[in-house]
*Asks:* 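Take this structure first; my questions come after.
Residue numbering restarts at 1 for every chain, and letters A, B, ... go by the order of the sequence lines. Excluded from the calculations below are hydrogen atoms, water molecules and symmetry mates; all remaining heavy atoms, backbone and side chain alike, are included. If you're wondering where the values come from, they're calculated on a predicted model, not measured in any experiment.
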Amino acid sequence: MDSLLRVSNLNVAYRTDGDAVTALRNVSFTLEEGETLGITGASGSGKTSLGLALLGLLPVATKISGEIRFAGKDLKAGSKEIAKLRGSGISMIFQEPALALNPVLRVGKQMVHVLRSHGKKTSELRREIDHAFHGTGLTNPERIAHAYPHQLSGGERQRVAIAQALVCRPQLLIADEPLSSLDPITQGEILELLQRLKKDLNLSLLFITHSAAILSTVADRVLIMRDGEFIASGALSELRDNASDRYVRAVLSPAQEIASSRTVHSDRLEPPEQPSLIQVAHVSKRLVQNHFLFREKFAIFALRNVNLEMWAGTTTALIGESGSGKSTLARCIAGFETIDTGQILLNGSAIKTNSPPKQVQLIFQDAATALNPRLTAAQLVAEPMELAKVGNPTEREQRVLELLEEVGLDTDSRFRLPHQFSGGQKQRIAIARALSLNPQLLILDEALSGLDVPLQARMVQLLLKLQSKYRLSYLYISHDLNFLSLFAEEIAVMHEGTIVECLAPKALPHASHPHTQALFASSRKLHAPGLVEASVLDSSS
Amino acid sequence: MIRYLLRRAGRAVLLLVAVSILLFLLLQAAPGEFLSDMRLNPQISEETLVALRAEYGLDQPLPSRYLHWLESVARGEMGYSFAYNLPASQLLWPRARNTLLLTIPALILSWTIAIPLGVLAAWRRGRWSGRIFSAGTSTLLAIPDLLLALLLLLLALRTGWFPGGGAVSSLGSERFGDRIWHMLLPVAALTIGALPVILRHIRAALVEALESPFIRAAQAHGVSTVRILFSHSLRAAANPLISLFGLSIAGLLSASLLIEVVMSWPGIGPMLVEAIISRDLFLVIGAVMLSTLFLVLGSLIADLLLYVADPRIRVR
């Protein structure tokens with residue numbers, strides 16, 4: 001039987017200022033009807049370019065060549081015929097549902113646009129939309145259709161995006177990191193939904209992700225990409241068992257790398273009589289929002305009676321869904337925001353907002369926006385020292401060199417600007433900058449979430465090395481429970497503005513709070529047995 | 001909604017008051033007054049001048065003159081023109097009507113031309129037609145309004161297809177077709193002058209919108225190009241364009257003053273120039289205040305449109 005999709009010799013090259021950058025090189029593969037094909041690889045390996053090329057959505061100035069055979073029709077890559085398949089033959093969902101929907105149009109209106117563009121009659125619209133929303137588990141289609149995207153939750157938005165992608169009954173759905181911006185509980189739900197829809201509609205899925213754990217639950221077959229080429233293909237378990245290539249191993253089981261570096265420090269002992277570094281006691285904070293147009297004010301509790309204690313040289317993970325107050329707590333500890341009641345003690349003295357403590361430094365998710373694009377790496381790292389008037393210029397220069405070496409950057413590259421570094425390198429610069437004032441606590445607010453999994457693992461290795469050297473403490477904010485339980489000593493679970501439970505990763509299966517249990521359960525779904533060997537989740541099961 | 005509008009309107013009134021005070025202060029600081037020229041005339045005695053100053057109220061201190069002016073605004077007179085011996089409002093309103101007769105069609109025309117053209121240019125970005133478009137708007141942008149008006153006048157005089165100025169063929173004849181015929185050139189000058197700025201903004205805003213992820217998602221779901229451009233992108237790009245709409249009203253008004261003078265159109269422009277030269281204090285103030293009023297109304301309309309267009313402003 002003929003395959004649903006056969007791609008042969010697909011080449012894609014982007015043109016930038018006269019240079020051609022190859023994104024895909026001689027890519028060939030087939031996809032059967034009803035099959036789920038997982039595509040994985042480090043960031044920049046060409047995964048997303050592949051998805052966009054199949055839909056003819058690459059920028060105008062891109063060089064494309066190759067043949068695509070879809071549902072018995074031969075098409076040239078990049079041709080106009082491919083555009084006609086969009087929505088009715090091949091459709092796609094994207095990483096960030098908040099950005100995938102037009103913010104100024106009602107959701108129902110956007111559905112109408114999709115249906116109308118495929119020649120549906122006015123009389124059919126209502127029924128089709130209701131049907132599509134019900135199919136994706138949205139029980140109140142009326143409300144959803146009348147809402148603007150900002151009035152929906154993250155999970156609802158991704159459901160709407162899926163409904164929109166599937167409303168004209170395509171045979172192939174390309175899912176580009178559909179889960180990575182969602183919290184674990186929603187991730188589990190959306191994954192279940194995709195699998196159900198696939199069965200109900202006899203869909204083929206092209207699942208693009210850098211998380212091997214997700215692929216192990218969904219994919220029948222996996223293709224691994226590096227620098228625009230397929231370097232391995234087959235069932236995930238086979239690939240993992242026979243992986244001789246270091247890259248394949250890093251992509252498929254990144255946890256091993258952390259495990260190896262963690263064993264070195266696992267005998268680290270915590271003196272019980274040691275006073276705590278940070279003590280958060282009964283902290284509450286209300287956020288008073290000024291109405292944009294009117295003078296009305298309304299308050300929401302961002303933090304409610306939060307208690308947390310941290311010691312020197314330890315890693316505490318803070319987990320919770322978006323909006324649960326994780327970042328607010330982090331900003332309060334860093335002294336950027338005031339608290340209404342309670343107190344936060346650093347080494348026994350209260351943190352003041354008018355002089356945020358130098359011992360606490362924040363690192364943010366997006367290093368690209370956290371670094372001034374007009375300063376060189378050396379200037380960026382030296383800036384905090386200049387502001388704090390530490391040492392003289394030569395001493396500072398010396399310190400910059402030390403720091404860059406410490407975070408694993410080539411010191412010769414210190415005169416480059418941020419855009420000349422890769423994502424991981426940028427985050428290294430941010431870490432070097434944070435270290436420049438010898439902090440005791442680093443707050444990593446989703447600091448690694450933008451990086452692909454092998455890179456995250458390498459960054460954690462670096463963090464652990466720095467931790468043992470300087471007795472640093474980390475407050476690691478994330479929503480990836482599987483990943484953070486590999487290296488955190490303690491996990492604080494945040495829910496609706498308060499910390500509901502603090503526990504060691506080993507104790508997760510015996511969690512007492514229902515929210516922790518739900519988090520753990522949905523993380524288990526995304527977790528591949530045997531994949532993350534060192535994971536405590538695994539050893540406890 | 002009502003409260004939002006009331007707040008905006010309140011702000012507009014405050015702005016008008018502030019502008020009027022500033023105007024009084026500036027004109028006070030400017031050298032000379034309406035009677036300065038008479039003073040040079042030896043046949044007019046000092047007593048007559050003092051009497052005239054008292055009659056026009058020019059001998060009074062600034063605050064009391066301002067209060068007098070406010071009073072006359074409340075009566076709907078907007079001060080008194082020394083040169084014409086008439087309340088300023090009687091002179092200004094027909095002139096204002098003529099100015100609006102140019103600016104409103106120019107406003108409508110420039111936007112109706114600019115929106116489809118700008119959308120098209122954004123869609124064709126990076127291709128040859130897009131580049132030709134950019135070169136064209138840059139050239140238009142570089143031509144000063146004055147030169148444009150003179151070029152059009154030259155065209156009118158050489159060919160005789162259009163009238164060389166004025167608003168009607170002969171005084172007293174108020175035929176509709178004749179009016180339109182006289183409007184063509186000044187409106188064309190204003191439209192061509194305003195077009196490149198608006199076009200470039202529409203193109204830039206749309207290019208940005210077209211590169212946003214939700215447009216790619218809509219394309220991936222098979223939404224047709226026309227819908228992508230006119231429903232999705234234009235709506236998403238609307239906010240800065242609506243603000244620009246308010247600004248373009250101001251731009252057209254000030255450009256109109258110049259065009260009117262060059263093309264001898266009986267709008268506020270020529271009157272303002274005349275009043276400034278003869279130091280006809282209240283007429284200057286009246287003309288400037290009127291322009292300010294139109295401008296404020298324009299931005300009020302823009303605010304209202306913004307409120308309607310962006311659900312995120314409404315709900316918050």
*Asks:* Would one find more than 12 heavy atoms of other residues, nucleotides or ligands at under 6.0 Å from atom CD of B/Glu211?
*Replies:* yes

*Asks:* Count the heavy atoms belonging to other residues, nucleotides or ligands that lie under 6.0 Å from NZ of A/Lys109, then report whether that count exceeds 12.
*Replies:* no

*Asks:* Taking C-beta and beyond as the side chain, do B/His221 and A/Met92 meet within less than 4.5 Å on heavy atoms?
*Replies:* no

*Asks:* Counting neighbours of NE2 on A/His113 that are heavy atoms of other residues, nucleotides or ligands and sit closer than 6.0 Å, is the number greater than 12?
*Replies:* yes

*Asks:* Ignoring hydrogens, what is the shortest heavy-atom contact between B/His232 and A/Asn102? Give both atom names and the distance.
*Replies:* O-ND2, 3.1 Å

*Asks:* Using non-hydrogen atoms and a 4.5 Å limit, figure out which bit of A/His118 sits close to chain B: side chain, backbone, both or neither.
*Replies:* side chain

*Asks:* Taking every non-hydrogen pair under 4.5 Å, which of A/Leu55, A/Ile90, A/Val167, A/Leu105 racks up the most with chain B?
*Replies:* A/Leu105

*Asks:* Decide side-chain contact (heavy atoms from CB on, under 4.5 Å) for A/Leu52 and B/Arg216; before the verdict, give the C-alpha distance in whole Å, the side-chain angles of both, and the deciding distance to 0.1 Å.
*Replies:* CA-CA 9 Å; A/Leu52 294 177; B/Arg216 201 158 69 178; 3.4 Å; yes

*Asks:* Minimum heavy-atom separation for B/Ala220 to A/Arg86, with atom names?
*Replies:* O-CB, 3.8 Å

*Asks:* Considering all heavy atoms of both residues, which atom of B/Gly222 and which atom of A/Ser117 are nearest to each other, and what is their separation?
*Replies:* O-CB, 3.3 Å

*Asks:* Apply the test side-chain contact (heavy atoms from CB on, under 4.5 Å) to residues A/Leu99 and B/Phe214: give CA-CA distance (whole Å), side-chain angles for both, the deciding distance (0.1 Å), then the verdict.
*Replies:* CA-CA 6 Å; A/Leu99 300 177; B/Phe214 58 83; 5.8 Å; no

*Asks:* For the atom pair CZ (A/Arg116) and OG (B/Ser224), what is the distance rounded to the nearest 0.5 Å?
*Replies:* 10.5 Å

*Asks:* What part of B/Ser212 lies closer than 4.5 angstrom to a heavy atom of chain A: side chain, backbone, both or neither?
*Replies:* neither

*Asks:* Using a 6.0 Å cut-off, check whether atom CZ of A/Arg126 has over 12 heavy atoms from anything other than its own residue.
*Replies:* no

*Asks:* What part of A/Ser88 is in contact with chain B, defined as an atom under 4.5 angstrom from a non-hydrogen atom: side chain, backbone, both or neither?
*Replies:* neither

*Asks:* What residue, out of B/Ser231, B/Ala209, B/Ala218, has the most heavy-atom pairs lying under 4.5 Å from chain A?
*Replies:* B/Ser231

*Asks:* NE2 of A/His146: more than 12 outside heavy atoms within 6.0 angstrom?
*Replies:* no

*Asks:* Do any of residues 156-164 of chain A come closer than 4.5 Å to chain B, heavy atom to heavy atom, and if so which ones, in number order?
*Replies:* A/Ala161, A/Gln164

